[in-house]
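Notes follow once the structure below has been shown.
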Amino acid sequence: MTSPLSPRPPQPIHTPRRVETLGFANAQILDITGPMQVFASANDLAAAAGRPAPYALQLVPAAGPVQTSAGLVLDAAPLPSPDAAVDTLILAGGFGVTAACDDAALVAWVAARARAARRVASVCSGAFLLAEAGLLDGRRAVTHWQRCAEFAARFPRVRLDPDPIFIRDGAVWTSAGITAGIDLALALVEEDLGRRTALAVARQLVVFLKRPGGQAQFSATLTLQTATNPATANPAVTGRFDALHAWIADNLRGDLSLTALAARAAMSARSFSRHYRQATGQTPARAVETIRVEAARRMLEQGASVAQTAARCGFGGEDTLRRSFLRRVGTSPQSYRERF
């Protein structure tokens, strides 16, 4: 029998690829509906162009209708026979995944169903169910950042990488929290139907950016908005810094010196430095570099040249961009651009 970890050839394009999404009690609703809508939108685009639907979608339950953690109940077909034809098996995540992992019959079904699938994927904490079924042993994987420590302790044979939004290792794909499932599904569509179709789906869904798997789970500004010690941080000050971060992101080519930032925050330079470090755990200069590097990553991922990126993100020159990239990303801007 073919191993689920060995890539299978895709079905002929004229045969709809069967995509099954496994749900369970207290599953995260976006883990289910986000990826399913990506495939459904690919079908809509095909129909508009007079082509047959590339996907046949099916929600399958651990038991009965799927009661999601949001309170909505989703109707689902019964679990199919483990050896019935299927192209892609996707496992949702959510608060109910722990109970799902304790269901020996369900875990056995996942392991057997994976053997019939060309590829297997998990969204968010659905990686726990993949790992429980033994499908991630020796493989790179990712899951939601909040559960990485728990996952690593429970499944030491899995090579957990907590940073990317999704990872592909052979025929097994895993993704980080919730909306990363949409990014993973777009990558699956791109693999099947090409980049143009995946981008068309992203546009239809008004996805701001079709993110590559190597993108970090956190945005720089989101990380900076989290106080290092919420118990002692001043909410009025940290709120002022949230607005400052947005302003920095919109003015990367401007004067972002300590003096300019302090004036923008209506504080003295000394007071600004002290309060800013208390709120974010970083110096203002380091935060500016962080936001600039994140903007540079986005530009390089979209095909901008290194020179264009250095100029538009306020680095002043390619050498400065290169040094910042090596310090923050661990690779050169040119290598990053070629990779993504």
Side-chain angles (χ1 to χ4, degrees), residues 1-11 16-24 27-28 31-32 34-36 38-39 54-62 66 76-77 79-94 96-97 100-101 103-144 151 154-155 157-161 164-178 180-192 213:
M1 188 170 288
T2 303
S3 166
L5 301 180
S6 301
R8 287 168 168 248
Q11 295 169 272
R17 299 172 172 88
R18 180 176 173 85
V19 178
E20 290 177 357
T21 301
L22 175 69
F24 44 79
Q28 161 64 245
D31 287 5
I32 296 172
M36 288 188 76
V38 169
F39 295 114
Y55 298 106
L57 307 177
Q58 188 68 67
L59 173 63
V60 297
V66 177
L79 282 178
S81 170
D83 57 0
V86 62
D87 182 82
T88 304
L89 174 64
I90 299 176
L91 309 184
V97 75
C101 287
D103 185 338
L106 178 63
V107 172
W109 181 88
V110 169
R113 194 69 179 129
R115 288 194 290 269
R118 175 170 67 97
R119 61 191 177 193
V120 184
S122 66
V123 181
C124 194
S125 56
F128 279 75
L129 197 48
L130 274 183
E132 189 67 32
L135 300 172
L136 293 179
D137 287 354
R139 298 279 165 172
R140 288 184 67 232
V142 65
T143 190
H144 192 283
F151 185 97
R154 182 168 177 174
F155 304 108
R157 294 183 179 180
V158 181
R159 293 158 49 203
L160 182 69
D161 185 344
I165 59 170
F166 67 83
I167 289 174
R168 177 185 185 177
D169 193 324
V172 179
W173 303 61
T174 53
S175 64
I178 309 173
I182 294 175
D183 298 290
L184 182 147
L186 286 168
L188 297 179
V189 168
E190 181 173 352
E191 180 185 55
D192 295 340

Worksheet, complete the sentence: For Pro82 and Ala116, the nearest pair of non-hydrogen atoms, with its separation, is O-CB, 3.4 Å
Practice prompt. With the side chain counted from C-beta on, respond yes when Gln28 and Ser125 share a heavy-atom pair under 4.5 Å apart, and no when they do not.
Written response: no
Practice prompt. Report yes if the side chains of Leu79 and Val60 come closer than 4.5 Å at any heavy-atom pair, otherwise no.
Written response: yes
Practice prompt. Could you pull out all residues at least two apart from Glu20 that satisfy salt bridge (Lys or Arg N to Asp or Glu O under 4.0 Å)?
Written response: Arg18, Arg113
Worksheet item: Do the non-hydrogen side-chain atoms of Trp109 and Pro80 ever get within less than 4.5 Å of each other?
Response: yes
Worksheet, complete the sentence: Rounded to the nearest 0.5 angstrom, the CZ-NE2 distance for Phe128 and His144 is 11.0 Å
Worksheet item: Hey, are the side chains of Leu22 and Ile90 touching, using non-hydrogen atoms and a 4.5 Å cut-off?
Response: no
Worksheet item: Which distance, rounded to the nearest 0.5 Å, do you find between the CG of Asp31 and the OG of Ser122?
Response: 9.5 Å
Item to complete: Give the minimum heavy-atom separation between Ala76 and Leu59, together with the two atoms involved.
Response: CB-O, 3.3 Å
Worksheet item: Going from CD on Glu132 to CG on Leu91, what distance comes out if it is rounded to the nearest 0.5 angstrom?
Response: 12.5 Å
Fill in: pair Leu188-Leu184: side-chain heavy atoms closer than 4.5 Å
yes
Item to complete: To the nearest 0.5 angstrom, please state how far the CG atom of Leu135 sits from the OG1 atom of Thr174.
Response: 11.5 Å
Item to complete: Return the minimal non-hydrogen interatomic distance between Val123 and Pro35, and the atom names on each side.
Response: CG2-CG, 4.0 Å
Worksheet item: Hey, are Arg140 and Asp169 close enough for a salt bridge, meaning a charged N less than 4.0 Å from a carboxylate O?
Response: no
Discussion item. Distance check, rounded to the nearest 0.5 Å: Arg168 atom CZ versus Arg139 atom CZ?
Written reply: 11.0 Å
Worksheet item: Listed by chain and number, what are the side-chain hydrogen bond (donor to acceptor under 3.5 Å, both in side chains) partners of Arg159, not counting sequence neighbours?
Response: none
Worksheet item: Does the side chain of Phe151 reach to within under 4.5 Å of the side chain of Val158, using non-hydrogen atoms?
Response: yes
Worksheet item: Looking only at heavy atoms, which two atoms of Gly94 and Phe24 are closest? And how far apart?
Response: N-CZ, 4.4 Å
Worksheet item: Looking at side-chain heavy atoms only, is the closest gap between Ile32 and Val66 below 4.5 Å?
Response: yes
Discussion item. Any donor-acceptor pair under 3.5 Å linking the side-chain atoms of Tyr55 with those of Asp192?
Written reply: yes
Discussion item. Using side-chain heavy atoms (C-beta onward) and a distance below 4.5 Å, is Phe39 in contact with Val189?
Written reply: yes
Worksheet item: Of all heavy-atom pairs between Ala133 and Ala111, which one has the smallest distance, and what is that distance?
Response: O-CB, 3.9 Å
Response to the item:
For Thr143 and Cys124, the nearest pair of non-hydrogen atoms, with its separation, is OG1-O, 3.0 Å
Discussion item. With rounding to the nearest 0.5 angstrom, report the CZ to CG distance, Arg119 to Leu89.
Written reply: 11.5 Å
